[in-house]
S.K.: 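Could you have a look at this structure, given as structure tokens, before my questions?
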Amino acid sequence: YSMAKTLNSIMMGFALRDGYVTSTQDLVLQYVPELKGTAYDGASLRDILQMRSGTDWNDNFFQPGPAQDINEQAYMRGEARYVSAASWAQRKHSPGEVFNYNTVDAAVIGLVVERAAKRPISRYMSERLWKPAGMEAKATWLLGKTGQEIAGCCIHARIIAGGRLDA
């Protein structure tokens, strides 16, 4: 589930190195202007990379609430992108103040990278990380009905050939 969060952060590093993103101090709205007026308005890329967006988000999708709703819409039915929850997430703290493990923050990072690199994050990851690293097996990223990655999670990958780790 959370392997995608780490890979999103790595891809943000490539986007910085490649000049698609100028700084982690850039505001989210620079890349995702439709989040103006939401809890992400005023948050920097650094804030969301550190899961300090300030949103009032409980990532427990096993109990009734927004996380369960978006989990069902995005993962179960494939009808929405997980990142769509960013448009209705509420603010609880000022950005940068409080850590809150948050899949929506990770999904926003995925969208920022996608927008900045002007291609799907999975393709960008294949070009900049997967192929250059010489991965022996292909990976897949779960797509919703929209045809876009569910960037908060759902990468399926095998890290070693044959499932063995030789010491």
Side-chain angles (χ1 to χ4, degrees), residues 1-35 38 40 43-53 55 57 59 61 67 70-87 89 100-167:
Y1 199 87
S2 293
M3 183 172 76
K5 293 171 179 66
T6 300
L7 290 169
N8 282 349
S9 296
I10 291 168
M11 296 317 301
M12 177 60 75
F14 279 115
L16 284 158
R17 176 179 279 173
D18 293 343
Y20 296 128
V21 172
T22 50
S23 170
T24 58
Q25 296 304 318
D26 291 350
L27 296 179
V28 171
L29 294 186
Q30 184 175 333
Y31 303 90
V32 191
E34 63 268 29
L35 293 180
T38 71
Y40 287 89
S44 71
L45 300 181
R46 180 184 203 96
D47 295 332
I48 59 173
L49 282 163
Q50 294 178 342
M51 293 191 176
R52 295 176 183 275
S53 63
T55 59
W57 188 263
D59 229 20
F61 53 81
I70 195 62
N71 184 66
E72 185 175 320
Q73 290 170 25
Y75 304 135
M76 305 303 212
R77 295 194 316 251
E79 297 171 350
R81 289 186 84 177
Y82 202 95
V83 74
S84 65
S87 65
N100 178 37
Y101 187 85
N102 185 337
T103 300
V104 179
D105 284 2
V108 170
I109 286 294
L111 182 58
V112 167
V113 170
E114 175 184 301
R115 295 269 178 91
K118 295 181 176 46
R119 55 189 163 280
I121 190 171
S122 58
R123 191 172 72 178
Y124 187 46
M125 187 173 85
S126 178
E127 295 166 3
R128 293 294 282 127
L129 178 66
W130 214 253
K131 289 177 182 174
M135 299 298 186
E136 294 181 15
K138 292 183 178 182
T140 58
W141 206 322
L142 185 64
L143 303 177
K145 286 183 183 175
T146 62
Q148 297 165 311
E149 300 85 359
I150 300 176
C153 83
C154 305
I155 292 176
H156 306 276
R158 187 174 70 187
I159 58 170
I160 51 176
R164 282 191 38 221
L165 182 62
D166 295 324

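When a residue number appears, it is its place in the shown sequence, counting from 1. Given the structure is predicted, the values throughout are model-derived calculations rather than measurements.
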S.K.: Roughly how far, to the nearest 0.5 Å, is the OG atom of S9 from the CE atom of M51?
M.R.: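 Between atom CE of M51 and atom OG of S9 there are 7.5 Å.
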
S.K.: Can you check whether Y101 reaches K5 side chain to side chain, under 4.5 Å on heavy atoms?
M.R.: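 They are in side-chain contact.
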
S.K.: Carefully, step by step, assess R123 and E127 under the rule salt bridge (Lys or Arg N to Asp or Glu O under 4.0 Å).
M.R.: CA-CA 6 Å; R123 191 172 72 178; E127 295 166 3; 3.7 Å; yes

S.K.: Give me the one residue out of D105, V112, T24 that meets side chain to side chain contact (heavy atoms under 4.5 Å, CB included) with L49.
M.R.: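 Result for side chain to side chain contact (heavy atoms under 4.5 Å, CB included) with L49: T24.
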
S.K.: Would you indicate whether the side-chain heavy atoms of P33 and R115 approach each other to under 4.5 Å?
M.R.: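 Of all side-chain heavy-atom pairs linking P33 with R115, at least one is under 4.5 Å.
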
S.K.: Is it true that a side-chain atom of Y124 and a backbone atom of A15 form a donor plus acceptor pair closer than 3.5 Å?
M.R.: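 Looks like yes, one N/O pair under 3.5 Å.
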
S.K.: Looking at P132 and S126, what are the two nearest heavy atoms and their distance?
M.R.: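 Minimum heavy-atom contact is CD-O, 3.7 Å.
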
S.K.: Going through the checks in order, is the side-chain contact (heavy atoms from CB on, under 4.5 Å) test met by M11 and I109?
M.R.: CA-CA 9 Å; M11 296 317 301; I109 286 294; over 6 Å; no

S.K.: What verdict does the side-chain contact (heavy atoms from CB on, under 4.5 Å) test give for V104 and T55, after you've listed the backbone C-alpha separation in whole Å, the side-chain angles of each residue and the deciding distance to 0.1 Å?
M.R.: CA-CA 9 Å; V104 179; T55 59; 5.9 Å; no

S.K.: Please say which of L111, V83, V28 ends up in a side chain to side chain contact (heavy atoms under 4.5 Å, CB included) with L35.
M.R.: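 Single side chain to side chain contact (heavy atoms under 4.5 Å, CB included) partner of L35 among L111, V83, V28: V28.
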
S.K.: Can you find a pair of side-chain heavy atoms, one from L45 and one from Y31, that are under 4.5 Å apart?
M.R.: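 When only atoms from C-beta onward are counted, Y31 and L45 do touch, with a gap below 4.5 Å.
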
S.K.: Considering non-hydrogen atoms only, spot the tightest contact between F14 and R128 and give its length.
M.R.: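 Scanning both residues, the minimum pair turns out to be CD2-NH2, 3.2 Å.
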
S.K.: Might you point out which heavy atoms bring A116 and V21 nearest each other, and give the distance in Å?
M.R.: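 That closest heavy-atom pairing would be CB-CG2, 3.7 Å.
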
S.K.: Answer yes if the side chains of D47 and S44 hold a donor-acceptor pair under 3.5 Å, and no otherwise.
M.R.: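 Yes, S44 and D47 have a side-chain donor paired with an acceptor closer than 3.5 Å.
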
S.K.: What distance do I48 atom CD1 and Y40 atom OH have between them, rounded to the nearest 0.5 Å?
M.R.: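 So the CD1 of I48 and the OH of Y40 are separated by 7.0 Å.
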
S.K.: When rounded to the nearest 0.5 angstrom, what is the spacing between CZ in R46 and CG in D26?
M.R.: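 Reported value, rounded in 0.5 Å steps: 12.0 Å.
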
